[in-house]
Amino acid sequence: MTVAGMEKLEWLSRFVDQTPGDREVGGKPRQVPGVCWSKVSPTAPPNPKLILWSNEMADKLNLARGNDSVLGGGSVVDGMQPYAQRYGGHQFGNWAHQLGDGRAITLGEVKLPNEVLELQLKGAGTTPYSRFADGKAVLRSSIREFLCSEAMFHLNVPTTRALSLVTTGEMVVRDVMYDGNPAPEIGAVVCRVAPSFIRFGSFQIHTADGNYDTLKQLLEHTVKNHFPQHSVADDNGRINWLTQVAQQTAIMISHWMRVGFVHGVMNTDNMSIHGLTIDYGPYGWLEDYDTNWTPNTTDASRGRYRYGQQPQIGAWNIARLAESIAPLMDDVELLYKVLENYDAKYVESQNLMWSNKLGIEDFSENDESLIVELNEILQEVETDMTIFFRLLSSIASPEITHLSDAFYNPENIPHEKWNIWLNKWWDRVEGEPNRDKMNNANPKYVLRNWMAQLAIDGANQGDYSICEELYELLKNPYSEQPEFEEKWFKKRPEWARHRVGCSMLSCSS
Ligand code: AMP
Ligand code: MG
């Protein structure tokens, strides 16, 4: 296999060729009705430096390490037709109308032997969709996106991926907690990769505009290129396609629940049409198992996007997507089927998830009480989700003392309740839980909030060794990796309990 530079890749521009676009190139932030994209040029950074590199993603693209200039937004190669996508979205339940790629610029699509992948820069300058902001991104949020998207991939959670992180050589001012304390941060650009970055909001905007011709063209483009097994020529085909999107979304969210991931901003503009985790912002990982937790301070009082509500929000978002297709339907009543299919797929995925997490064969409705009770006890005192489930697969007898490392305060463990539950589970699995199944469903290592923060603290001082270490560690989240156990298989340290970036995150990126 030859390894090549960007200019040697086979570039396609299906999205700009097949959907209507803006006549103006670049230009000031503005409303751009009726279109799916605006062509733009990335803004060249003063001093692009490649910092993080996904060798796996690069291998897949057959790309040589380097290309700092292109990956930082400093140049384009022949075949690329950079554009910003136009989309809308419901933000925290309210329709926001036009949003679009305000700090993301697609370079183009790369044709590979078995797939086509879109490469997109995040943080490479303003576009017509930048509204009031600068189109840039800081090192902190770029590290969070790079490390988390790659970690999610290795956790077997559907996700967009990252190829590179380039620092720009420029400082960017951000008011992290929106409290009147702006400070300069190191600027960076991540190159992320996915089959496409089409979102639920990509469809919604045209329906909101009443522009059904564009809606139809976008739908046809999406299905032809990304769901070729479907035809959307009639109601039946449209429902089948929507059902697939709904099912993939349900599967993705059930994986989030499995690993303890909280997206933080499940607005419809942040929902990928492919059922991929997209737009890593103020996400977080459950450390103690609190189903009401959300990392996003903007949402702290309402908790719309809290861990335990993600499946319901998925349904709400699917309803908004289905609604946006309504103008193309002969019989809109059929759209209810899509929601039913979402619910059914979610239940099926959850059952599979619990069967795997608990090593139970032939999981059935009769096992529901076991799950309900487990969820209750897990929340009675502060209990680390990752450590609890990982250790559960290794215990030799149904006694909670084997699991005491999962508790933040060993003095208040509800021993009796736990032993009752453990015995019930032990009987159910006849003393032989399927430990392999459990170890493939319960990761040993996830990107805990404080781990990402340590990587960021190091990077801000010019030391990327923790970033590199975590990137390597999280390539094998289900392996024991005993050399890393003491350092990273660990409950949240006290310093991280109330620290910004660990327990509190904002959309500021
Ligand atoms: P998010 O919910 O973080 O994915 O972003 C919501 C919208 O705000 C999207 O349309 C983004 O493109 C836009 N946005 C966020 N940050 C910036 C920024 N620094 N510059 C321009 N647009 C931004
Ligand atoms: Mg977004």
Side-chain angles (χ1 to χ4, degrees), residues 26-32 35-38 40 42-43 45 73 82-106 118 120-142 144-145 148-149 159-160 168 170-176 178 182-190 192 194 196-205 208 262-274 276-284 294-299 304-305 313 317 320 505-509:
K28 289 237 150 36
R30 60 203 146 86
Q31 292 296 314
V32 197
V35 308
C36 295
W37 47 264
S38 299
V40 289
T43 303
Y83 69 89
Q85 197 197 149
R86 176 173 181 260
Y87 51 78
H90 276 91
Q91 295 186 310
F92 298 95
N94 304 308
W95 176 243
H97 206 69
Q98 180 180 298
L99 295 166
D101 288 335
R103 61 176 154 184
I105 296 176
T106 288
E118 182 175 332
Q120 184 177 79
L121 301 183
K122 193 169 170 182
T126 54
T127 76
Y129 309 99
S130 297
R131 298 186 290 165
F132 40 82
D134 58 8
K136 293 173 183 161
V138 297
L139 184 58
R140 161 177 56 85
S141 60
S142 305
R144 284 172 51 83
E145 170 133 17
C148 197
S149 62
T159 180
T160 63
T168 58
E170 184 180 53
M171 299 303 275
V172 174
V173 174
R174 288 288 182 269
D175 184 356
V176 182
Y178 306 128
E185 296 187 51
I186 297 169
V189 174
V190 164
R192 54 183 186 174
S196 91
F197 291 91
I198 299 170
R199 298 127 192 280
F200 291 9
S202 309
F203 297 89
Q204 287 181 284
I205 188 72
V262 191
H263 182 284
V265 204
M266 292 176 74
N267 294 336
T268 54
D269 52 305
N270 292 337
M271 298 295 292
S272 146
I273 204 73
H274 305 282
L276 300 173
T277 314
I278 191 176
D279 281 10
Y280 289 85
Y283 67 83
T294 177
N296 185 357
T297 46
T298 315
D299 189 32
R304 178 181 172 86
Y305 298 140
I313 292 292
N317 288 342
R320 303 290 80 75
L505 289 131
S506 77
C507 293
S508 162
S509 53

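Basis for what follows: all heavy atoms, side chains included, without hydrogens, waters or symmetry-related copies. Just follow the structure's listing: the first ligand is 1, and inside any ligand the first atom is 1. Bear in mind the structure is a predicted one, so any value in this text is a computation, not a measurement.
- Pro82 approaches Ile105 most closely through the heavy-atom pair CB-CG2, 3.9 Å.
- Between the side chain of His263 and the backbone N or O of Ile278 there is at least one donor-acceptor pair closer than 3.5 Å.
- Within the 4.5 Å cutoff, side-chain heavy atoms of Phe197 are placed close to those of Thr160.
- For atom 19 (N) of ligand 1, the closest heavy atom belonging to the protein is Asp134 OD1, 3.2 Å.
- For the side-chain hydrogen bond (donor to acceptor under 3.5 Å, both in side chains) test, no residue two or more places apart in sequence or in another chain qualifies with Tyr283.
- In this structure, the side chain of Arg144 does not engage the main chain of Ser142 through any donor-acceptor pair within 3.5 Å.
- Ligand 1 places these atoms under 4.0 Å from at least one heavy atom of Gly102: 12 (O), 20 (N), 21 (C), 22 (N).
- Of the inter-residue distances, the one linking Met271 atom CE with Ile313 atom CD1 reads 9.5 Å to the nearest 0.5 angstrom.
- The only option from Thr294, Asp299, Asn267, Asn270 that meets the side chain to side chain donor-acceptor pair (under 3.5 Å) definition with Tyr305 turns out to be Asn267.
- In this structure, Gly135 is part of the shell of residues with a heavy atom less than 4.0 angstrom from ligand 1.
- Protein heavy atom closest to atom 4 (O) of ligand 1, with residue, atom name and distance, is Asn270 OD1, 3.1 Å.
- Considering only heavy atoms from C-beta on, Thr297 stays 4.5 Å or farther from Tyr178 through its side chain.
- When non-hydrogen atoms are compared, ligand 1 lies under 4.0 Å from the side chain of Arg174 (C-beta onward) but not from its backbone.
- Residue-and-atom listing of protein N/O/S atoms under 2.8 Å from the Mg ion (ligand 2), sorted by chain and number: Asn270 OD1, Asp279 OD2.
- No salt bridge links Lys122 with Asp101; every basic N to acidic carboxylate O contact stays at or beyond 4.0 Å.
- In this comparison of Gln85, Arg103, Met266, Gln91, the heavy atom closest to atom 16 (N) of ligand 1 sits on Arg103.
- Looking at atom 10 (O) of ligand 1, its nearest protein heavy atom turns out to be Gly100 O, 2.6 Å.
- Contacts with ligand 1 closer than 4.0 Å are made by side-chain heavy atoms of Arg131 only, the backbone lying farther away.
- Between Asp279 and ligand 1 there is a heavy-atom distance shorter than 4.0 Å.
- Looking at ligand 1, you won't find any N or O of Ala133 less than 3.5 Å from one of its N or O atoms.
- In terms of N/O distances under 3.5 Å, ligand 1 is not approached by Asn267.
- A salt bridge is absent between Glu118 and Arg192: the closest approach of a Lys/Arg side-chain nitrogen to an acidic carboxylate oxygen does not fall below 4.0 angstrom.
- Atoms CD and CG, from Glu185 and Asp175 in turn, are 10.0 Å apart once rounded to the nearest 0.5 Å.
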